[in-house]
4 protein chains.
Amino acid sequence: MAGSVNKVILIGNLGKDPEIRTFGNGGKVANFSIATSESWRDKQSGEKREKTEWHNIAVFGEGLVGVIERYVKKGSKLYIEGKLQTRKWQDRDGNDKYTTEVVLQGPGTTLTMLDSAGGQGGGGRMGGGGSQGGGYNQDRGGYGNMDQGGGSRSASTMEGPKGDFDLDDDIPF
Amino acid sequence: MAGSVNKVILIGNLGKDPEIRTFGNGGKVANFSIATSESWRDKQSGEKREKTEWHNIAVFGEGLVGVIERYVKKGSKLYIEGKLQTRKWQDRDGNDKYTTEVVLQGPGTTLTMLDSAGGQGGGGRMGGGGSQGGGYNQDRGGYGNMDQGGGSRSASTMEGPKGDFDLDDDIPF
Amino acid sequence: MAGSVNKVILIGNLGKDPEIRTFGNGGKVANFSIATSESWRDKQSGEKREKTEWHNIAVFGEGLVGVIERYVKKGSKLYIEGKLQTRKWQDRDGNDKYTTEVVLQGPGTTLTMLDSAGGQGGGGRMGGGGSQGGGYNQDRGGYGNMDQGGGSRSASTMEGPKGDFDLDDDIPF
Amino acid sequence: MAGSVNKVILIGNLGKDPEIRTFGNGGKVANFSIATSESWRDKQSGEKREKTEWHNIAVFGEGLVGVIERYVKKGSKLYIEGKLQTRKWQDRDGNDKYTTEVVLQGPGTTLTMLDSAGGQGGGGRMGGGGSQGGGYNQDRGGYGNMDQGGGSRSASTMEGPKGDFDLDDDIPF
DNA sequence: TTTT
DNA sequence: TTTT
């Protein structure tokens, strides 16, 4: 459908170190979750309340994943611009499960580090497009041992050495 | 946590008419899903591919829900600005299930109708704050027959007659 | 026009301390500018280039301005969600001048502090609505000595003691 | 500065047909303005008020400009994701002037057509990066007859025939 | 200058 | 599981 927009903007901190996985074709994913929270004053009781929300993030592509591998860790504060995606998988008993993630892959998706402290700086933006994950319907809610989307050049095509933003190269520190 | 942001921006069309439910306290929810899609050209095959994503939307509060009741239907194109929320519920077998939704409730959440044709117009923005849903852990993934969050005035407090944007009133048609 | 959106999202640092002004009616504005920058690699030369952009921010309303007065200063890093507005004014020679600003006033506008260091914390969101600035066409590009928009209660109505987010009160520190 | 974000999201209609210009190097710009408006109820008088804001848009790059040339015209409704930029120029009397525009150039900038009627569809996203405008300080507030930023390949590199989103090609109508 |  |  032309004329649609799917955008998620989050600022929050990682609860744990990211997990990095490599596909058969050399592509990479980084998975982690970040917390956002909001607070408000309850109308009835007048008490302050707070609620924390955890978001699952999946980042594809060597470049951005490389940045994450090196600079993002438990506690890091990130600005994330991705898209909402739900994927279906089966648990070991064959039950259908659905996981909704914020995916950084392809145009219009970004990640910026917001820590002012030591390991800060960095950031990167996905290259011009690249193969989409298509369908990764695997067990246990993970991305299994599948090839990611297309063939062996997909990830590197996305933000390889000819990319406009040579992520591995452009990180200013 | 101060310093976090949780924002989802979607433009898409409804797959079906919205479902409206009323809570014991008089509050209302509208539930519906909207589709976004993206297309790209596959690197290997050179073929065009397209993928549609469905997003579950939950809108709380009389005012906005009133707008939806009257003007939003299957096929309507909407601009939505909400927040990501995952809630846990149990199916009839007692299994834990998780549903991630785009929630419109409280400040910074909006809905705008983008159809230029007939039933168009409208739009509205959530009032200044209001009670948060807190926890609505019910069966079957629905919002059941619970009170929503706080007490009996929560929904109407959110955007009631004293609200700055009297939604029921300000819709310019 | 129903069906329009005007939203600016910025993350950047203040170049100088904010300037706070009070209107005749007791309303307040905070003015400051924040820098964003982007870097890229030049296609021809292969050199890295960087460009910094300065954005003029105007925040209206006692609550948010109070937060700024107390916690925001030169160097602070902010997340800002506002709207684009251009106002016309005359310089001392009577020439028409135009200034485009990112305005935080009314629904859907927010400010969050992103500094992890000392003077951090805070944040706030504009209340449910409130009078709009309407027209403040004054000399020297400033907001002069005019009343802001409506009458004497406009600013306080916007996020006064009855507001859902009593900003002066809810800042968690 | 790493860690900054500069993003503008607009939905509105064009007041006039776009103006397309070609640079010496073959690059192209499309300039047009779109209106957004907001309405609110005045606190004092209780009257409805409305205010329209006009935004200057500048789109660089053959691909997107080609889409605009063919499908965007007076009255079209667009979703735009760009960045805020202010440029300085001199009028014929040598006076400094500043123009703030929403620029679509490089990663993270997009345009989607939202008209449901006849000439609808389309959309496109800027490629991976590309030369930045750098400085185009010319008279009359226009982009004059300068080369745009880099050399003759900048625009086509940005979203040329090898681009992931072959804009000229992918428009589904 | 648009649109509703 | 983070952060304040």
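Here is the naming used below: chain letters follow the sequence lines, and residue numbers restart at 1 for every chain. Nothing here was measured: the structure is a model prediction, and the numbers come from that model.
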Between [atom2] of [N] and [atom1] of [X], the distance in whole Å:
X	N	atom1	atom2	value
A/K73	F/dT2	NZ	C1'	13 Å
A/L78	F/dT3	CG	C1'	12 Å
A/I80	F/dT2	CD1	P	17 Å
D/I11	E/dT3	CD1	C1'	13 Å
D/Y79	E/dT3	OH	C1'	19 Å
D/N13	E/dT2	CG	C1'	5 Å
A/L10	F/dT3	CG	C1'	15 Å
A/K51	F/dT4	NZ	P	22 Å

Nearest to the side chain of [X], which nucleotide is it out of [options]?
X	options	result
A/E50	E/dT1, E/dT4, F/dT4	F/dT4
A/K74	E/dT1, F/dT2, E/dT3	F/dT2
D/T52	E/dT1, F/dT1, E/dT2	E/dT2

Using 4.0 Å as the upper bound for N to carboxylate O, is an ion pair formed by C/E81 and B/K7?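 The answer is yes: the pair qualifies as a salt bridge.
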
On a heavy-atom basis, which atom in B/Y71 and which in B/S76 lie closest, and how many Å separate them?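 Looking at all heavy atoms of both residues, the closest pair is O-OG, 4.0 Å.
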
Quick one: pull up CD1 in B/I11 and CG in D/L114 and give me the separation to the nearest 0.5 Å.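 Spacing of CD1 (B/I11) from CG (D/L114) equals 5.0 Å.
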
Taking side-chain contact (heavy atoms from CB on, under 4.5 Å) as the definition, give me every residue that meets it alongside D/K16, ordered by chain and number, with sequence neighbours left out. none

Would you say the side chain of A/S33 and the base of F/dT1 hold a donor-acceptor pair, judged only by whether the two atoms sit under 3.5 Å apart? yes

Give a yes/no verdict on base stacking between E/dT2 and D/W54: centres under 5.5 Å, planes within less than 30° of parallel. no

